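Since we're looking at a predicted model, the values are computed, not measured. Values below: all heavy atoms of this structure, side chains included; hydrogens, waters and symmetry mates excluded. Just so you know, ligand 1 is whichever comes first in the structure, and atom 1 is the first atom listed for that ligand.
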Amino acid sequence: MTADLKHTLPGAIAIVVLALVPLLPVPPFWITLLNNIGLASLVAIGLVLLTGVGGMTSFGQAAFCGFGAYTTAVLTTAYGFSPWATLPLSLIAGAATALPLGLITVRLSGHFLPLGTIAWGLALYYLFGQVELVGRYDGISGIPPLELAGHRFLSGQSIYYVIWFFVIATAIGARNLLDSRVGRGIRALRGGGQVAEAFGVDIVRAKLTVFILAGIVAALSGWLYAHMQRSVNPTPFGLNMGIEYLLMAVVGGAGHVWGAIFGAGVVLILKDLLQRFLPDLIGSSINFEMIVFGALLVTILQFARDGLWPLVLKFAAKRPTRQPAAAGSLPRRTMPAVGTPLLRIDMARKAFGGLVAVNDVSFEIKAGQIAGLIGPNGAGKSTTFNLITGMLSLTSGSVFYGGEKLSGMSPRRIAKHGIARTFQHAKILPTMSVLENVTLGAHLRGSAGVFKSFLHLERQEEATLLAEAARQLERVGLGANMHRPAGDLALGQIRILEIARALCLDPTILLLDEPAAGLRHAEKQELSALLRKLKEEGVSVLLVEHDMGFVMGLVDHLVVLDFGTLIAEGKPAEVRQHPAVIAAYLGEVAA
Ligand code: ADP
Ligand code: MG
């Protein structure tokens, strides 16, 4: 069996079983339960994208269900719309609510973000209860059922198919999205999103995208609910349900799309069992079930931090990674003419409170040069990199690229000029494959958006981006590790991975922050050879490095910083004789 078949078989069997259930003589409440699981799964899939992948915790998703449900309820009962006609309108209502809330919420950080979602979750719930148009706390009844080709979806059995059609379609779309260029940008939001920014991902936009998507799928759930239940009131759209949805996503394993369905199943089945059997078991009619329910969930999460889905996956065949098939190559940038001024740092200053980390530093790098930036620890080298790439803002001074002023631009716009970097403290997404980590570097060379990615219509472009990443990985000597999780690599290899990622941007200049740290001698020589090769191709390099043997033999130009101040600059052989440089380095050795 091929890996592909092995991987898809269990899913296919699950779908066939799901399709057969209503045809078997099962008790009706099974169907009701499965319908509810389907509806909850939709919301939970949204939360997987938002919370599990995007890292934004929301307790307020039930409110979006409400907007979806009430939109169709009002339009079908008061204005005579047909249910299918309201589907796009309900989804738009979800998106339209998510947009302003998202604009406010995604800028919140730390605990303020979930608190913000609680606030609007509560506010919207009370809104449903207060507005005359939507029937206040009584809600709206008499909602027409769905109809298709003359068939009215009146029974639980019949709407079951509609619900699960949408659940499976949404799950497949969400998976497609995560495996795409847009999805890599979203996944890179984890851990602060610095890498994402450095490679041109628009962070606010990526966050808003998941926020709106999560709102849309919740609204879809609400739309289905309204036509299943045929009446709506505010109760299912309150904060309680918002919390329960989040629980489902977490129990399933917040980063896994299919886990959302599993989590919804576990939570709802557990709740149902407890409600039915617990009163008999403990011979009391007091509402113990919520307490036991809570305790059980806490226990589950104690034993399986990452939720239950990863445990299920252990028994499943591994998902085959998308292969970088033979694909067209990407257009290259024209490199600036060798010897022309490329990057100019002009009186750059960065103060952190009273500490001046970079003190009015000026230097220039010419196209086609390998330049070294050296200095003792704490000299301000990494800070200089952050000033050039826009990760930090200058206190005063400027940075120019060609004739253009870079300072003041976002890291994303700076990256677009062809400025790529690695990080002193390597920043990778450890659970993503080496190949996917590197493909993130090619973000700016693709253009497929959410819609195309969701439907996996960006195959051609995606294959080209993956092929480019594979090519760069081969080039730096990591080809054999392409499909391993990046977190499995040794530190030295991770530094090389970062170089491959930077190369995917098709850079005019590479900023490498201590690339040789942790490399063995032979690996350093390979790195040196690679950098020389890049230079031949017209790529400029600015490199921070402590290994003087490595630096001296490689660079054309050397800049020395000490305590934030430029103390010497010039050809390596001259600079190493400079008294201030000797003093700075002797000082460090003495210390
Ligand atoms: P280098 O890379 O040359 O070792 P850095 O640029 O990392 O040095 O740091 C220069 C100085 O600035 C150090 O004293 C460091 O502690 C300080 N520094 C760097 N980043 C920050 C920050 N975000 N906040 C406060 N101080 C910082
Ligand atoms: Mg540093």
Side-chain angles (χ1 to χ4, degrees), residues 109-110 191-195 197-198 203 343 345-363 365 370-399 406-407 410-411 414 419-428 491-492 494-496 498-499 502 509-519 524 527 531 541-548 550-552 554-555 557-569 572 575-576 578 580-591:
S109 57
Q194 276 183 323
V195 178
E197 269 195 302
I203 300 235
L343 193 66
I345 301 11
D346 184 27
M347 292 297 279
R349 185 182 188 84
K350 182 66 189 179
F352 296 109
L355 176 90
V356 181
V358 175
N359 190 359
D360 300 338
V361 168
S362 305
F363 62 92
I365 295 166
I370 301 183
L373 182 61
I374 63 166
N377 269 327
K381 305 178 297 291
S382 297
T383 305
T384 304
F385 270 27
N386 288 332
L387 294 176
I388 297 172
T389 53
M391 301 254 140
L392 288 174
S393 59
L394 286 144
T395 306
S396 62
S398 351
V399 176
L406 290 184
S407 27
S410 65
I414 293 175
I419 301 177
R421 70 172 296 175
T422 66
F423 294 87
Q424 180 180 354
H425 302 286
K427 293 189 198 306
I428 53 156
L491 192 62
I494 290 177
R495 294 189 171 284
I496 302 296
E498 287 214 338
I499 295 177
I509 179 160
L510 265 180
L511 308 183
L512 306 177
D513 202 344
E514 305 198 11
L519 295 194
K524 283 186 186 178
L527 176 59
L531 296 182
V541 178
L542 175 61
L543 124 126
V544 168
E545 190 44 63
H546 282 299
D547 180 339
M548 284 307 137
F550 182 82
V551 173
M552 290 296 170
L554 186 65
V555 304
H557 188 80
L558 201 53
V559 177
V560 191
L561 294 183
D562 191 22
F563 291 113
T565 307
L566 189 146
I567 54 169
E569 183 183 12
V575 167
R576 100 196 283 176
H578 199 290
V581 176
I582 295 168
Y585 275 88
L586 284 180
E588 196 187 38
V589 172

Check whether any N or O atom of Thr384, backbone or side chain, sits under 3.5 Å from an N or O atom of ligand 1, and answer yes or no.
no
Closer than 2.8 Å to the Mg ion (ligand 2), how many protein N/O/S atoms do you count?
2
Closest approach of Ala420 to Ala502 (non-hydrogen atoms, all atoms of both residues)
CB-O, 3.4 Å
At their closest point, which heavy atom of Leu394 faces which heavy atom of Ser398, and how far apart are they?
CD1-CA, 4.0 Å
In the protein, which heavy atom is nearest to atom 7 (O) of ligand 1, and how far is it?
Ser382 CB, 3.7 Å
Answer yes or no: are there more than 12 heavy-atom neighbours, outside Arg349 itself, under 6.0 Å from its atom CZ?
yes
Write out the residue and atom name of the closest protein heavy atom to atom 5 (P) of ligand 1, then the distance separating them to 0.1 Å.
Thr383 OG1, 3.5 Å
Applying the side chain to side chain contact (heavy atoms under 4.5 Å, CB included) criterion to Leu512, which one of Leu542, Val541, Val544 satisfies it?
Val541
shortest atom 10 (C) of ligand 1-to-protein heavy-atom contact is with Gly378 O, 3.4 Å
For Ala379, the ligand 1 atoms with a heavy-atom partner under 4.0 Å come out as 1 (P), 3 (O), 8 (O)
Under 3.5 Å: donor-acceptor pair, side chain of Glu197, backbone of Met391
no
Hey, is the main chain of Gly375 close enough, under 3.5 Å, to the side chain of Lys381 for a donor-acceptor pair?
yes
Which residue owns the protein heavy atom closest to atom 12 (O) of ligand 1, what's the atom, and how far is it?
Ala357 CB, 3.3 Å
Atom 23 (N) of ligand 1: which protein heavy atom is closest, and how many Å away?
Phe352 CE2, 3.5 Å
More than 12 foreign heavy atoms under 6.0 Å from CE of Met347: is that the case here?
no
Quick look: Leu355 vs ligand 1, heavy-atom contacts under 4.0 Å, and the answer is side chain
Using a 3.5 Å distance criterion without hydrogens, assess whether the side chain of Lys350 forms a donor-acceptor pair with backbone atoms of Ser393.
yes
Residues Ile365 and Ala371: closest non-hydrogen pair is CG1-CB, 4.2 Å
What are the two closest heavy atoms between Phe385 and Asp513, and how far apart are they?
CE2-N, 3.5 Å
Is atom 16 (O) of ligand 1 in close reach of the protein, with a heavy atom under 4.0 Å away?
no
Heavy-atom contact check, 4.0 Å cutoff: does Gly380 meet ligand 1?
yes
Can you name the closest pair of heavy atoms from Leu543 and Leu531 and give their distance?
CD1-CD1, 4.2 Å
